[in-house]
Amino acid sequence: MQVQLENYLVPVDFDFKSDADAKYDAYPASKLRDKLESSGARLRILIFDACRNNPFRGSRTSTRGLASMQSDAEGTLIAFATGDGNVALDNIEESNGLFTKHLIAALPAPGLSIEEVFKKVKEDVYRASGRKQNPYTYDNIVGRYYPVSAPVKTPDLPADTALQLEISFWNSIQGKDQAALFEDYLQRWPRGQFAAIAEASLAKLRATGSPAPPPPAPKKIPESSSIKKQVNPKDGLTYVWIPPGEFVMGCSPGDGECRDDEKPAHPVRITRGFWMGQTEVTHGAYNRFARESGRPGAGGSGDQMPAVNVIWNDATAYCAWMGGRLPTEAQWEYAARAGSREARYGPLAEIAWHRSNSGGRAHEVAGKQPNAFGLHDMIGNVWEWVSDWYNSAYYKKRDRLDPQGPATGEVRGVRGASFLDGAWYLRAASRDRYDPGLRFDYIGFRCVRE
């Protein structure tokens with residue numbers, strides 16, 4: 001707790017009568033920080049998943065949560081489970097608090113620096129808490145430190161050439177009033193020199209109702225006669241036939257945004273065709289199942305909105321109810337690519353709802369152009385549960401025939417990214433994972449059947 005803007009670690013057997021006692025019998029957090037900084041270690045990380053209110057509500061000297069805690073010493077990172085002045089969620093259903101739960105999941109990820117680990121934890125906790133808990137870090141680290149391993153660098157343009165290309169593109173869109181141009185910049189350089197300005201320009205253009213660019217020409221897809229479709233009478237949704245075939249699973253050639261869990265790219269053969277939902281399962285279809293099964297209904301509203309806030313077990317039960325199952329990761333990526341080896345099966349703005357064009361919410365299914373198999377929203381709108389347990393190393397035996405994923409695990413895989421994510425997440429090879437027992441307003445699913 002904090003007293004007069006000083007944070008204190010409170011012993012479990014601390015018997016105090018007023019917050020003034022903390023100054024004498026509790027341990028000042030700043031003292032712990034100072035001891036760490038005098039240790040001689042070049043890197044020091046201090047994590048507080050104990051952001052609580054001062055119990056003396058009538059006190060004039062205290063406020064909610066912890067006080068800001070800076071450090072002037074190079075090499076120190078201080079992480080709060082939530083921002084100063086706020087209180088962390090206990091997550092009483094599980095053994096760890098929400099922050100520690102997601103920190104444990106993020107730390108083993110290869111290729112992430114310390115800063116990127118805590119950034120991922122921040123995003124995951126913010127989503128999982130329904131935007132109520134927003135972790136914060138005070139970072140004075142110089143250099144790059146990796147808990148597991150540094151990312152494997154892929155061949156790329158020389159740094160000066162790449163920078164010149166970025167600057168040239170940026171100069172060409174300066175002063176323009178078309179949001180699509182700034183979206184294009186963010187798609188190409190999501191962490192570029194002008195990314196923050198581009199985000200601000202997009203927000204301003206949308207707020208002022210600036211003229212929209214002319215609608216793009218529709219993406220050419222096979223004639224409807226070449227796409228086999230059928231409506232499932234059980235849930236009323238349309239399913240598309242995905243023929244058997246081979247593809248290269250994982251990082252696309254020339255994709256500089258790939259993470260280690262997308263590597264190595266490896267050939268996979270899908271030996272049997274399957275029917276796949278043309279869209280994510282809708283709110284209307286899921287609630288029909290929920291009424292019949294007695295399970296909780298999906299979150300959100302509108303029959304054509306994707307069904308969200310559905311735990312993995314209930315998604316599995318829905319697919320069994322309609323006569324199918326969740327797709328494997330391999331089936332999902334094979335269907336998403338639809339024969340393409342590119343990072344995306346079309347221009348991002350035309351195929352996906354994402355952070356720069358969604359307005360921070362999910363949209364009705366099939367609002368964007370489909371891929372060559374006729375599937376909508378395989379990238380963007382909401383993440384989709386798959387059947388596999390998540391494994392950051394893909395499959396140890398590099399299965400080539402109908403891979404099923406690990407036999408056991410702790411978190412389930414999701415694919416496709418969501419309306420909350422930046423462009424670098426919205427790629428056919430991008431992967432993530434979540435606790436199968438939690439509900440999120442940005443995770444849905446679609447089913448497959450033989």
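Note that the numbering runs from 1 along the sequence shown for the chain. Because the structure is a prediction, the values reported are computed rather than measured.
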Worksheet entry | Derivation of the ring-ring contact (aromatic ring centres under 6.0 Å, His included) call for Trp383 and Tyr425 | CA-CA 11 Å; Trp383 287 96; Tyr425 251 129; 5.4 Å; yes
Fill in: Audit row: Lys120, Asp432, salt bridge (charged side-chain N to carboxylate O under 4.0 Å, His left out) steps and yes/no
CA-CA 11 Å; Lys120 176 170 176 52; Asp432 211 335; 3.3 Å; yes
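Judged by distance alone, the side chain of Ser113 and the main-chain N or O of Tyr145 form no donor-acceptor pair under 3.5 Å. In terms of modelled atom types and a separation under 3.5 Å, the side chain of Gln404 and the main chain of Thr328 share no donor-acceptor contact. Judged purely by atom type and a 3.5 angstrom limit, Ser201 uses its side chain to pair as donor or acceptor with the backbone of Ile197. Put simply, the side chain of Arg427 never gets that close to the backbone of Ile379: no donor and acceptor are under 3.5 Å apart. The main-chain N or O of Ala372 is never found under 3.5 Å from a side-chain atom of Tyr345 such that the two would form a donor-acceptor pair. Between the Asn287 side chain and the Ala298 main chain, a donor and an acceptor come within less than 3.5 Å of each other. With hydrogens and angles ignored, the 3.5 Å screen pairs no side-chain donor or acceptor of Asp124 with any backbone N or O of Val121. The backbone N or O of Trp312 lies less than 3.5 Å from no partner atom in the side chain of Arg412, so there is not a single donor-acceptor pair. Side chain of Arg433 to backbone of Ala105: a donor-acceptor contact under 3.5 angstrom is found. In terms of modelled atom types and a separation under 3.5 Å, the side chain of Asn371 and the main chain of Gly346 share no donor-acceptor contact.
Using a 30° and 60° split on the angle between ring planes, Trp170 and Phe194 fall in the parallel class, below 30°. Taking the six-membered ring where tryptophan is involved, the planes of Phe99 and Phe118 are essentially parallel, since the angle between them stays under 30° and well short of 60°. Ring orientation note: the planes of His363 and Trp353 are close to parallel, at an angle under 30° on the 30°/60° scale. Classification of the Tyr318-Phe445 ring pair by plane angle, with boundaries at 30° and 60°, yields perpendicular.
With sequence neighbours excluded, the residues forming a side-chain hydrogen bond (donor to acceptor under 3.5 Å, both in side chains) with Thr271 are Asp402, listed by chain and number.
Between Arg325 and Glu450 there is a salt bridge, since a side-chain N of the basic residue sits under 4.0 Å from a carboxylate O of the acidic one.
The ring pair (Phe, Tyr, Trp, His ring centres under 6.0 Å) pairs that include a residue from residues 226-246 are Trp241-Trp275, where partners are two or more places apart or lie in different chains. Contacts classified as salt bridge (charged side-chain N to carboxylate O under 4.0 Å, His left out) and involving residues 413-424 (residues at least two apart or in different chains) are given here: Arg127-Asp421, Glu329-Arg415, Glu333-Arg415. Legend: disulfide (SG to SG under 2.5 Å) pairs involving residues 253-285, not counting sequence neighbours, sorted by first then second residue: Cys251-Cys258. Sorted by first and then second residue, the salt bridge (charged side-chain N to carboxylate O under 4.0 Å, His left out) pairs with a member in residues 359-387 read Glu384-Arg446; sequence neighbours excluded. Within the structure, disulfide (SG to SG under 2.5 Å) contacts touching residues 409-450 (residues at least two apart or in different chains) are Cys319-Cys447.
Within a 6.0 Å radius of CD in Glu410, no more than 12 heavy atoms belonging to other residues, nucleotides or ligands are found.
When each of Ile47, Asn7, Asn134, Thr137 is checked for a side chain to side chain contact (heavy atoms under 4.5 Å, CB included) with Phe80, only Asn7 meets the rule. When each of Arg269, Arg337, Arg341 is tested with Phe247 by the rule side chain to side chain contact (heavy atoms under 4.5 Å, CB included), just one qualifies, namely Arg337.
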